[in-house]
Participant: 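Here it is, the structure, as C-alpha cells.
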Amino acid sequence: MAEGRGSAMAFTLLLCLFFMHCEMAQAKYYFVGGSKGWTFNVTNWTKGKTFRAGDVLVFNYPAMAHNVVALKNRVAYNWCLKTRDAKVYQTGKDRIRLVEGYNYFICSYPGHCRAGMKIAIKARKKLL
C-alpha cells in the first residue's frame, strides 16, 4: 500500500514538472523595437503582435542614454509620468516578463517619452 502512494507522489511530481516546463516553453521573447532596439518612435512596434502573460520583452539600448520604466497605470503612461511605484530598469539589456492585462513602459529621460519612447501592451491570458 505504501508503495502505491510513493508511486503516485512521484508521478504527480513528474506531471507538475512537465507542465511547468511546457508553460515556460510557451513564453515568447520579443525584442522591443526590433533591430533598432528601445529607441524613439517605437510606439507602433506592438502593432500586429499578440502578447501573452509570461512572454518576455527584451529592451536593448545604450545604458547611459535611456532607461525603461514599468508603470502601473494608463494615466501615468499617457502623461509620461514616472510614479513612485514604478520599477526602473537601466542595464541596457533588460528582460521583463509580461503580466496579464495592461503593461506600460516609458523612458523617463527628459523628452524621450514624449518623442515616442513608450509602449503599451495588453497581455492575454497564458495558453495552457
Side-chain angles (χ1 to χ4, degrees):
M1 193 89 164
E3 205 174 295
R5 279 188 297 211
S7 297
M9 286 176 59
F11 176 75
T12 302
L13 178 62
L14 285 173
L15 196 58
C16 286
L17 290 172
F18 172 77
F19 281 114
M20 283 174 47
H21 174 72
C22 288
E23 189 174 299
M24 285 189 280
Q26 288 178 355
K28 290 184 182 177
Y29 282 74
Y30 291 94
F31 291 83
V32 176
S35 61
K36 293 188 297 184
W38 178 236
T39 190
F40 302 102
N41 300 314
V42 294
T43 308
N44 292 324
W45 170 82
T46 60
K47 299 245 187 290
K49 296 174 178 62
T50 301
F51 300 95
R52 299 224 176 253
D55 287 348
V56 176
L57 298 182
V58 179
F59 290 85
N60 289 321
Y61 57 93
M64 301 304 285
H66 304 295
N67 65 11
V68 179
V69 180
L71 301 171
K72 297 198 179 204
N73 68 71
R74 189 173 220 25
V75 173
Y77 173 79
N78 287 340
W79 286 92
C80 293
L81 297 173
K82 183 178 124 189
T83 56
R84 280 185 242 196
D85 61 347
K87 175 137 178 150
V88 179
Y89 300 85
Q90 46 198 2
T91 69
K93 297 183 182 305
D94 306 315
R95 283 158 177 62
I96 304 171
R97 191 169 298 277
L98 295 173
V99 296
E100 186 176 341
Y102 287 96
N103 296 258
Y104 303 102
F105 305 97
I106 67 169
C107 176
S108 68
Y109 281 43
H112 291 199
C113 180
R114 296 241 181 254
M117 207 165 174
K118 65 185 205 173
I119 57 172
I121 293 173
K122 184 176 182 184
R124 296 178 177 179
K125 194 176 230 177
K126 280 186 204 182
L127 291 174
L128 295 180

Participant: Using a 6.0 Å cut-off, check whether atom CZ of Phe51 has over 12 heavy atoms from anything other than its own residue.
Facilitator: yes
Participant: Flag the pair Tyr61 / Asp94 as yes when at least one side-chain heavy-atom distance between them is below 4.5 Å, and no otherwise.
Facilitator: yes
Participant: Among residues at least two apart in sequence or on other chains, which ones pass side-chain hydrogen bond (donor to acceptor under 3.5 Å, both in side chains) with Asn67?
Facilitator: Ser108
Participant: Please answer: with hydrophobic residues joined when any side-chain heavy atoms are less than 4.5 Å apart, are Val42 and Leu98 in the same cluster?
Facilitator: yes
Participant: Any heavy-atom pair between the side chains of Thr43 and Lys118 that's under 4.5 Å?
Facilitator: yes
Participant: Decide, based on the SG atoms alone, whether Cys80 and Cys113 are under 2.5 Å apart.
Facilitator: yes
Participant: Measure across Ala27 and Gly54 and return the closest heavy-atom pair with its distance rounded to 0.1 Å.
Facilitator: CB-O, 3.4 Å
Participant: To the nearest 0.5 angstrom, please state how far the CG atom of Asn60 sits from the OG1 atom of Thr39.
Facilitator: 12.0 Å
Participant: Could you give the distance from CG (Asp55) to CZ (Arg124), rounded to the nearest 0.5 Å?
Facilitator: 11.5 Å
Participant: Which heavy atom of Val32 sits nearest a heavy atom of Trp45, and at what distance?
Facilitator: CA-CZ2, 3.6 Å
Participant: Please determine whether residues Trp38 and Tyr109 belong to a single hydrophobic cluster, defined as Ile, Leu, Val, Met, Phe, Trp and Tyr linked transitively by side-chain heavy-atom distances below 4.5 Å.
Facilitator: no
Participant: Other residues, nucleotides and ligands only: do more than 12 of their heavy atoms fall within 6.0 Å of NZ on Lys49?
Facilitator: yes
Participant: Donor-acceptor pair, Arg97 side chain versus Val56 backbone, under 3.5 Å?
Facilitator: no
Participant: Look at the side-chain heavy atoms of Ile, Leu, Val, Met, Phe, Trp and Tyr, link any pair under 4.5 Å apart, and say whether Phe59 and Val69 land in one connected group.
Facilitator: no
Participant: Can you list the steps and then say if Leu57 with Ile121 is a side-chain contact (heavy atoms from CB on, under 4.5 Å)?
Facilitator: CA-CA 10 Å; Leu57 298 182; Ile121 293 173; 3.5 Å; yes
Participant: I need the Asn103 CG to Ile119 CD1 distance, nearest 0.5 Å.
Facilitator: 9.0 Å
Participant: Name all pairs fulfilling the ring pair (Phe, Tyr, Trp, His ring centres under 6.0 Å) condition that reach into residues 64-89, sequence neighbours left out, sorted by first residue then second.
Facilitator: Phe40-His66, His66-His112, Tyr77-Tyr104
Participant: Identify, with sequence neighbours excluded, every residue that meets side-chain hydrogen bond (donor to acceptor under 3.5 Å, both in side chains) alongside Thr83.
Facilitator: Asp85
Participant: Going by side-chain hydrogen bond (donor to acceptor under 3.5 Å, both in side chains), name the residues that satisfy it together with Thr46, two or more places apart in sequence or in a different chain.
Facilitator: none
Participant: Which residues pass the side-chain contact (heavy atoms from CB on, under 4.5 Å) test with Ala53, sequence neighbours left out?
Facilitator: Glu100, Lys126
Participant: Are the side chains of Ile96 and Phe105 in touch, meaning some heavy atoms are under 4.5 Å apart?
Facilitator: yes
Participant: Measure the OG1-NZ distance between Thr50 and Lys28 for me, rounded to the nearest 0.5 Å.
Facilitator: 7.0 Å
Participant: Checking Lys47 now: which residues fulfil side-chain contact (heavy atoms from CB on, under 4.5 Å) with it, not counting sequence neighbours?
Facilitator: Asn44
